[in-house]
There are 2 protein chains.
Amino acid sequence: MLITQEREDYLKIIYKLQQSESPVRTNSIARAMGIEPASVTGVIKKLSEIKLLDYRPYKGVTLTPAGEKVALEVIRHHRLIELYLVEALGYSWDEVHDEAEHLEHVVSDRFEDRIAEMLGHPELDPHGEPIPTKDGVIAETSTQALSSLSAGDRAVISRVEDEDGDLLRYLAQLNLRPGASVEVLSVEPYGGSIHVRVDGKSETVGQEAADGVFVDLE
Amino acid sequence: MLITQEREDYLKIIYKLQQSESPVRTNSIARAMGIEPASVTGVIKKLSEIKLLDYRPYKGVTLTPAGEKVALEVIRHHRLIELYLVEALGYSWDEVHDEAEHLEHVVSDRFEDRIAEMLGHPELDPHGEPIPTKDGVIAETSTQALSSLSAGDRAVISRVEDEDGDLLRYLAQLNLRPGASVEVLSVEPYGGSIHVRVDGKSETVGQEAADGVFVDLE
DNA sequence: CGGCAGAGTTAGTGTACCCTAATTCTGGTA
DNA sequence: TACCAGAATTAGGGTACACTAACTCTGCCG
C-alpha cells in the first residue's frame with residue numbers, strides 16, 4: 001500500500017497545521033504526532049517522493065493538491081464517524097475522538113456513503129467542525145478564539161477543538177457548546193481566565209480551554 | 001503494541017484452522033494468509049515467545065488459552081460488525097466480510113458493547129456463524145457440509161462460510177440461507193453438483209459452493 | 001556580518017513483516 | 001532402512017517507521 005494509516009495521519013495533521021503555518025515545519029509535525037523530529041524527516045521525504053507533499057529541506061512542507069485530497073478524505077471520515085457515533089450509537093462528544101481516530105483509516109467508501117446518507121449529509125460534526133464534502137470542499141471555519149475576546153463582546157460558539165476528552169467534559173459542564181451564545185463579562189489580563197455569561201449563568205473559563213473554543217462575533 | 005493487526009489475523013486464522021487440524025501447520029497458515037511459509041515461521045516464533053501460541057518446530061502450532069482469547073475477541077468483533085452492517089446500515093450478506101475484516105481490529109470495547117446491545121446480544125451472525133460471548137464462550141457449530149449429504153437427506157442450513165462475496169450472491173440466488181430447509185434430490189458422483197429442493201423449488205448447487213454450506217440433518 | 005541557538009537532517013539501530021533462495025527436517029515408501 | 005518429496009526453517013534482503021546521537025543549516029542578534 002502506498003498510503004499507510006500513518007501517512008494518512010501525517011497528511012491530516014499537516015493539513016490542520018497549514019491553517020496557521022505554511023510551510024509546515026518539521027518540529028510542528030513531530031509535536032503534533034508525538035514523535036521525534038528525526039522520524040518526521042524520513043516520512044515527509046517519502047511523501048514528497050510520491051507527490052503528496054512539496055518538501056523544501058530546512059524550510060518545511062506544503063500539501064500538493066493530491067495530498068490535500070487525501071487529507072480531506074481522512075478528515076471527512078473522521079468527522080462523519082464522530083457524528084455517527086453520537087447520533088446512532090449514543091456516544092457523548094467527549095468520547096468520539098479516539099474511536100474516530102482509528103475508524104477513519106479503515107472504513108470503505110460504501111460505509112462512508114451509508115452513514116452520510118443516514119445522517120442526512122450533515123455539514124458539521126459534533127464539535128461544530130465542518131465536514132468536507134466527498135469531492136473535497138470544506139466550509140470556512142471561524143478562527144476567532146474565545147480567549148481573544150474582550151469584555152462586552154457577544155458571540156456565538158461555532159466550534160470546539162476536540163482532541164481532549166477532559167477539556168470537552170469541562171466545557172460541556174459550562175454549556176459551552178457549538179451554537180451557545182456567550183457574553184464576555186470580563187477578562188483577566190495576561191492570559192488569565194475569562195468570565196462569561198452563558199444561558200443566563202455566569203461562568204469562569206480557564207484560558208487554555210478558551211483557546212480551543214472558536215466563535216463568531218455578533 | 002505487542003499485538004498488531006497482523007498478529008490478530010494470524011491468531012484468528014489459526015483458531016479457525018484448528019477446528020480441523022491440530023497442531024496447525026505452517027503451510028496451512030501461509031495459504032490462509034496468502035503469504036509465503038517462510039514469512040509465517042518468523043511470526044509464529046514471535047507469537048510463541050509472547051505465549052499466545054505453543055510452537056513445536058516442524059510440527060505446527062496450537063493456541064494457548066491466552067491466544068485463543070485474543071482470537072475469539074477478534075472473531076466476536078468480526079461477527080458482531082457483520083451483523084451490525086446488515087441490520088443497521090443495510091448491507092447485504094455478501095458485502096459485509098471485507099468491511100468487517102478491517103473494522104474488527106480497531107473497534108473499542110465501548111463500540112463492541114454498544115452494537116451488541118443494539119442488536120440484542122445476538123448469537124448468530126448473518127451467515128449463521130455463532131458469535132462468541134464477551135468472555136470467550138462460543139457455541140458449537142455444524143460441521144456437516146451440504147456436499148456430504150446423500151439423495152433423500154433432509155436438512156436445515158445452519159451456516160455458510162462467508163469469505164467469498166460471489167459465492168454468497170450465488171447462494172442467495174438459490175435461497176440457500178441459514179434456516180432454509182433442503183431436501184437432497186440427487187448427487188452427481190465424484191464431487192459433482194448436488195440437486196436439492198429448497199422452498200419447493202429444485203436447484204442445482206455446484207460442489208464447491210456446497211462445500212461451504214453446513215447443515216443439521218433432520 | 002560573525003557567531004550561536006535551535007531547527008533540521010544524516011547516520012546508525014531496532015522492530016515488524018514481507019520476499020526469494022538455500023538448506024534441513026520429517027515421514028512415508030521402496 | 002535408506003532415500004526422497006514435500007514441509008519447514010534459516011539466511012539474506014527490502015520497506016516502513018520509530019529511536020538516539022552527531023552533525024549541519026538558518027536566521028537572528030549583537
Side-chain angles (χ1 to χ4, degrees), chain A residues 1-14 17-18 20-63 66-67 70-71 74 101-102 104-106, chain B residues 1-14 17-18 20-63 66-67 70-71 74 101-102 104-106:
Chain A
M1 181 73 78
L2 224 55
I3 305 189
T4 63
Q5 299 195 184
E6 260 100 16
R7 289 177 179 188
E8 288 184 351
D9 274 333
Y10 275 89
L11 294 170
K12 182 181 65 169
I13 277 167
I14 290 165
L17 292 171
Q18 232 175 23
S20 53
E21 177 190 28
S22 183
V24 178
R25 330 217 79 229
T26 302
N27 259 2
S28 310
I29 300 170
R31 216 174 313 117
M33 297 276 301
I35 63 178
E36 295 303 316
S39 310
V40 171
T41 303
V43 176
I44 62 184
K45 273 184 177 170
K46 254 287 146 47
L47 287 172
S48 84
E49 262 172 39
I50 61 178
K51 301 283 193 305
L52 296 174
L53 290 181
D54 285 326
Y55 171 43
R56 297 181 48 223
Y58 296 101
K59 296 299 166 56
V61 294
T62 311
L63 289 169
V70 174
V74 176
E101 204 68 26
H102 291 110
E104 64 187 8
H105 304 293
V106 301
Chain B
M1 181 73 78
L2 224 56
I3 304 190
T4 63
Q5 299 195 184
E6 261 99 16
R7 289 176 179 188
E8 287 184 351
D9 274 332
Y10 273 89
L11 295 170
K12 182 181 64 169
I13 277 168
I14 290 165
L17 292 171
Q18 231 173 22
S20 52
E21 179 190 27
S22 183
V24 178
R25 330 215 80 230
T26 302
N27 260 1
S28 312
I29 300 169
R31 216 174 313 117
M33 295 278 299
I35 63 178
E36 296 302 316
S39 310
V40 172
T41 303
V43 176
I44 62 183
K45 272 182 177 171
K46 254 291 146 50
L47 286 172
S48 85
E49 261 173 41
I50 61 178
K51 299 284 192 308
L52 296 173
L53 291 180
D54 284 327
Y55 171 42
R56 299 181 46 223
Y58 296 101
K59 296 300 166 55
V61 296
T62 311
L63 290 169
V70 174
V74 176
E101 204 68 26
H102 292 110
E104 65 188 8
H105 304 294
V106 301

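Just so it is clear: chains get the letters A, B, ... in the order the sequence lines come, proteins before strands, and each one is counted from 1.
Nucleic acid contact class of Glu6(B) (heavy atoms, under 4.0 Å, all strands): sugar-phosphate only.
We find that CG of Asp9(B) is positioned 17 Å from P of dA16(C), with the value rounded to whole Å. To the nearest angstrom, C1' of dG8(C) lies 14 Å from CD1 of Ile35(A). A straight line from CG of Leu53(A) to C1' of dG8(C) spans 16 Å, rounded to a whole angstrom. dC17(C) atom C1' lies 10 Å from atom CE of Met33(B), rounded to whole Å. In this structure, NZ of Lys59(A) is placed 20 Å from P of dG6(C), rounded to the nearest angstrom. In this structure, Lys45(A) atom NZ and dT15(D) atom P are separated by 15 Å, rounded to whole Å. Rounded to whole Å, the distance from CD1 on Ile29(B) to C1' on dC18(C) is 16 Å. Put simply, CD on Glu36(A) is 14 Å from C1' on dT9(C), counting in whole angstrom units.
Between Ser39(B) and Tyr58(A), the residue anchored nearer the 5' end of DNA chain D, judged by the nucleotide with its closest heavy atom, is Ser39(B).
Shortest non-hydrogen contact noted between Val74(A) and His105(A) is CG1-CE1, 4.2 Å. Heavy-atom minimum distance, Glu8(B) versus Val70(B): CG-CG1, 4.5 Å.
No salt bridge links Lys46(B) with Glu6(B); every basic N to acidic carboxylate O contact stays at or beyond 4.0 Å. A salt bridge is absent between Arg31(B) and Glu36(B): the closest approach of a Lys/Arg side-chain nitrogen to an acidic carboxylate oxygen does not fall below 4.0 angstrom.
The nucleotide whose nearest atom lies closest to any side-chain atom of Tyr10(B) is, among dC18(C), dT10(D), dA16(D), dC18(C). Of the candidate nucleotides dA18(D), dT9(C), dC17(D), dT9(C) has the atom nearest to the side chain of Pro37(A). Checking dA16(D), dA8(D), dT26(D) against every side-chain atom of Lys46(A), the shortest atom distance belongs to dA16(D). In this structure, of dA21(D), dA18(D), dA21(C), it is dA18(D) that holds the atom nearest to the side chain of Val43(A). If you check dA11(D), dT9(C), dA16(C) against the side chain of Arg7(B), the one that comes closest is dA16(C).
For Thr4(A) (side chain) and Arg7(A) (main-chain N/O), a donor-acceptor pair under 3.5 Å exists by modelled atom type.
For dT10(D), neither phosphate oxygen OP1 nor OP2 lies less than 4.0 angstrom from any side-chain nitrogen or oxygen of Thr41(B). Within the 4.0 Å cut-off from OP1 or OP2 of dG6(D), not a single side-chain nitrogen or oxygen of Asn27(B) is found. Between Arg56(B) and dA8(D), a side-chain N or O to OP1/OP2 separation shorter than 4.0 Å is absent. Contact annotation: Arg25(B) side-chain N/O to dG6(D) OP1/OP2 distance is not under 4.0 Å.
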